[in-house]
Amino acid sequence: MYRLLSRSLGRGLLRAAGRRCRGCSARLPPGLAGGPGPEVQVPPSPVAPHGRGPGLLPLLAALAWFSRPAAAEEEEEQQGADGAAAEDGADEAELSIMKDDPEEAELILHDALRLAYQTDNKKAITYTYDLMANLAFIRGQLENAEQLFKATMSYLLGGGMKQEDNAIIEISLKLASIYAAQNRQEFAIAGYEFCISTLEEKIEREKELAEDIMSVEEKANTHLLLGMCLDACARYLLFSKQPSQAQRMYEKALQISEEIQGERHPQTIVLMSDLATTLDAQGRFDEAYIYMQRASDLARQINHPELHMVLSNLAAVLMHRERYTQAKEIYQEALKQAKLKKDEISVQHIREELAELSKKSRPLT
């Protein structure tokens, strides 16, 4: 069977660490009424292995990107050495997360938060809590991440940020994906729909704005964020056995990625492969093959980091089309690539598919 690939649409990909994490206690920022935030306990919680369960935790890891909030970037006042140290600490923690070192990031973030509160540096407080939420997010500590993201959002909205700001949409997308991973379907769908409809309306309003009012890059970033929302929603819909609805989402996401990032961009290839899986799931094998063959050709050309998964998906489609000889050749190529990548889960998956293929192609006696 095919496998959905991981996401990095328009942003860097933060991989889930998959390590045991020491517990920590993070105090949420004060509520809008000024009261103290509750204590939040973060229990040790290893991330589910890639390719298991509902297949949504890898997506959570990939979604755990977040720019320093726009409101914070605009705030340039100096708040002394401790305030600067808090912001530097948060930046250092972000680098540790990117380097797949969550334990170091955790320690740095707690030091940064202490300094931020000491100097009442609201910019650093918001930024640090957001990073704490992301850290919980990619470690699979979903309940804690939900509380921290909600607190960060309240802090940003309380500071005057609009609900349609990309930073708010980014958090809303992560919350929707948390609900999806928790099988809270009503909340997940409502969250995805909010993100998509808000961005579509925003894009429509802003498409005629002159470049001196809104730059081409800003418009492109909003389009890419919409693509990521469509992508995340499509993945959940496919997991929920709604492939036709997922197909429409993937088609829109693919169009955005092709227009802004180009056909040879790694994420465009991922979306092309995932669109093919939705067609395959509907029994539309010939259409699925066209997209999957193109995705695999492009993946080979650019030496895509997930080439083995694209090839495995192509082989699955070929098997469904009863092209068993071709499917076996592609699976063997995918197996070789997976071994080179040292992706043991993919190696196991491909070997299982080869065993299944052997049963299907064995002559009847």
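Numbering starts at 1 and runs along the sequence shown.
Between T277 and N313, the side chains place no donor N or O within less than 3.5 Å of an acceptor N or O (distance only, hydrogens not considered). A donor atom on one side chain and an acceptor atom on the other are found under 3.5 Å apart for E352 and Q348. Residues Q293 and D297 have side chains that bring a donor and an acceptor to within less than 3.5 angstrom of each other. With hydrogens and angles left out, the side-chain atoms of Q261 and S257 include a donor and acceptor closer than 3.5 Å. Side-chain contact check for R284 and Q247: at least one donor-acceptor pair (N or O, by modelled atom type) lies under 3.5 Å.
Within the 4.5 Å cutoff, the side chain of L109 has no heavy atoms near those of the Y127 side chain. Considering only heavy atoms from C-beta on, R248 comes within 4.5 Å of Q245 through its side chain. Side-chain atoms of K341 and S346, non-hydrogen and from C-beta on, never get closer than 4.5 Å to each other.
Atom CD of Q301 has more than 12 neighbouring heavy atoms from other residues, nucleotides or ligands inside a 6.0 Å radius. In the displayed structure, E164 atom CD is contacted under 6.0 Å by more than 12 heavy atoms of other residues, nucleotides or ligands. Within a 6.0 Å sphere centred on NZ of K219, other residues, nucleotides and ligands contribute more than 12 heavy atoms.
The ring pair (Phe, Tyr, Trp, His ring centres under 6.0 Å) search around F285 returns H320, not counting sequence neighbours. Residues that satisfy the side chain to side chain contact (heavy atoms under 4.5 Å, CB included) test with A188, not counting sequence neighbours, are Y179, A180, Y192, Y236.
Using a 4.0 Å cut-off between charged side-chain N and carboxylate O, K328 and E333 make no salt bridge. Classification of R294 and E263 as a salt-bridged pair holds, one side-chain N sitting under 4.0 Å from a carboxylate O.
No donor-acceptor pair under 3.5 Å is formed between the side chain of E353 and the backbone N or O of H349. Formation of a donor-acceptor pair under 3.5 Å by the Q255 side chain with backbone atoms of K252 is not found in this model.
Considering every non-hydrogen atom in both E251 and L275, the closest pair reads CG-CD1, 3.7 Å.
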Residues K174, E170; criterion salt bridge (Lys or Arg N to Asp or Glu O under 4.0 Å); working and verdict: CA-CA 6 Å; K174 293 171 193 174; E170 289 171 355; 5.6 Å; no

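Under the 6.0 Å distance and 45° angle rule, R184 counts as a cation-pi partner of F187.
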